[in-house]
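Here the structure is a predicted model, which means the values were calculated and not measured. Proteins get letters first, then strands, A, B, ... in listed order; numbering begins at 1 in each.
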Amino acid sequence: MSLDMYAEEILDHYRNPKNFGEMKNPDYEYEELNPICGDKYKFQIKVENNIIKSVKFNGDGCAISMASCSILSEFIKEMELSKIKKIQIDELLKLLKINVSLARMKCVTLSLNIIKKLNINNDL
Amino acid sequence: MEIYLKDITNIGDYLSLNVSKIKKDFPILKRKINGNKFIYLDSASTSQKPIQVINSIKNFYEKNNSNVHRSIYKTSEESTKMFELTRFKIKKFLDAEDYEIIFTKNCTEAINLVVNGWVKKNIPKGKILSSVMEHHSNIVPWFSLKNPIKFLDVNNYGELNFNIDNNIKMVSLTHVSNVLGTINNVKEISEKCYENGSYFMLDGAQSTPHMKISLKKINCDFFTFSGHKMLSPTGVGVLAVKKELTEKMNPILFGSDMIKEVNLENFTVADSPYKFEAGTPNIESVIGLSSAIDYLEKIGMRNIEKHTKKITKYAFEQLQKIKNIKIYGPKKRIGLISFNLKNIHSHDVASIINEYGIAIRSGHHCAQPLMKRFNVSSMSRASFYLYNDEYDVDSLINSLNKVYGVFKL
């Protein structure tokens, strides 16, 4: 039953997302909209010696996309910049610890699509 | 045929619909979703299809299938006749004696035909007037031209305050908003356009399924609608255009069927409406649309209009009782209600009530400028049709009350 998606941990992330907000002078940032549903988020990161030192994201969307952004923002901290391209959707689903229905998969993948485009964006 | 109408309940000039009988004509409504009765509240997106329409397509393929406008054998003659009779049927259905009926693949294509076939040729620099309540299909095509465009705002109740400047050459508006349910006063708008010397296109995608349309009374220059929102299959839309305007309208699609004579240097175009219908048309959908109109007319468009308004009003009253709900749009409306529950995203609302077999739309409803106008990124929308009744609304309300529980609010 897809109501299982709304696990306590997911709702916690939705109500109190980690790393939510705007940072000044990020090294990289990228914003994307899911044109099907209108969910929109921006990720910003600061990098030192090729390591992601701080992450902020902001935007608006459903509980699943918000939780996905929140969890992913924690996951990529202290990660090598080059490694974020290699994160697989399965890894993110494991972190979310829920079964996501096919119709809601796009809510999970939005965050991943954004961070994968972070370092292809022109340096600020 | 009166079995579709309840015999004694003559309320004023309208007969109330026998919805339980109507529901039986829609095979999909017998489905169970997650073990629950399927409650379909997304007809503003696309309607469900009655068995009569489904069978009309099956019968066509089993008995009459042939290409139209081409051959002289029996089945080709039959299919051409069925196809062309639908054109006449639509003319009568829209009370559009002085209009040409042009088949397109959907309402969007019909609008594109006016924009790129007529406006581009006849008023290439003319200022366009539209509104913030339009569907993307009546916003984006205009950006393919260089014409200046002005969008009228709506008030906080989602009502349009129509006013027109002297420099407006064309007005393009929706009849009924697909988000707010607002019914625009098209008769008054049309008169103002006429006084101002402006052309008027009316997008009837959300009105034609529910209301008796009389183009003779509305007197717009262009009218568009979509078959699939009114019981027909997908793949057929209609542009009704005043006959005298077709001469100066260019085709936007080229190929077979739209020509008179072709040589290796050039070609001449067929007469209207054929010059706008290049290639083999969606014959089965036109046949299906014909059957859909039969079905709607058997029940009566005025009865359907009263029914949809009654269900919409009931839903409006019931939804207001839900805690922390925000409803968008005016009280006087038809067919749909968009809303948000506080602190819960519309996708989560739709996802959770899907567990109880209820289908509603969530998201931006192809109206991102309107979402921005109301400072939201998305809304939930329940929409109603002739097969919906109070039970369906009650089921929606019960399921919505459970949403807060899932979110522990």
Legend entry - A:L33 CG to B:H364 NE2 distance, which is reported to the nearest 0.5 Å: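 A:L33 atom CG to B:H364 atom NE2 measures 6.5 Å (nearest 0.5 Å).
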Legend entry - Rounded distance (nearest 0.5 Å) linking atom CG of A:D12 with atom NZ of B:K408: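 Nearest 0.5 Å value for the CG-NZ distance: 9.0 Å.
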Legend entry - chain A contact residues among residues 336-351 of chain B, heavy-atom distance under 4.5 Å: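 Within residues 336-351 of chain B, the residues that come under 4.5 Å of chain A (heavy atoms only) are B:N343, B:I344, B:H345, B:H347, B:D348, B:S351.
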Legend entry - Heavy-atom contacts under 4.5 Å, residues 224-234 of chain B to chain A: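 Under the 4.5 Å heavy-atom cut-off, nothing qualifies.
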Is it true that, when you exclude [X] itself, more than 12 heavy atoms of the residues, nucleotides or ligands shown sit nearer than 6.0 Å to its [atom1]?
{"X": "A:E78", "atom1": "CD", "value": "yes"}
{"X": "B:K105", "atom1": "NZ", "value": "no"}
{"X": "B:K30", "atom1": "NZ", "value": "yes"}
{"X": "B:N155", "atom1": "CG", "value": "yes"}
{"X": "B:R31", "atom1": "CZ", "value": "no"}
{"X": "B:K23", "atom1": "NZ", "value": "yes"}

Legend entry - Minimum-distance pair of heavy atoms, taken over all atoms of B:E355 and A:L3: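 Of all heavy-atom pairs spanning B:E355 and A:L3, the closest is CG-CG, 3.4 Å.
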Inset, instruction - Quick one: sort the B:F407 and A:Y14 rings into parallel, tilted or perpendicular, breaks at 30° and 60°. - result: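 Perpendicular: the ring planes of B:F407 and A:Y14 meet at over 60°.
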Legend entry - side chain to side chain donor-acceptor pair (under 3.5 Å) partners of B:S377, counting only residues at least two apart: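 B:S377 satisfies side chain to side chain donor-acceptor pair (under 3.5 Å) with A:D60 once adjacent residues are dropped.
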Legend entry - Selection from B:V406, B:I352, B:N354 maximising heavy-atom pairs under 4.5 Å formed with chain A: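 Most pairs with chain A among the choices: B:I352.
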Legend entry - Inter- and intrachain pairs under salt bridge (charged side-chain N to carboxylate O under 4.0 Å, His left out), touching residues 395-405 of chain B, at least two apart: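 Counting only pairs at least two positions apart or across chains, no salt bridge (charged side-chain N to carboxylate O under 4.0 Å, His left out) contact touches residues 395-405 of chain B.
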Legend entry - Under 4.5 Å from any heavy atom of chain B - which part of A:I64: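 Contact with chain B: backbone and side chain both.
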Legend entry - Region of A:N34 in contact with chain B, defined by heavy-atom distances below 4.5 Å: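 Neither part.
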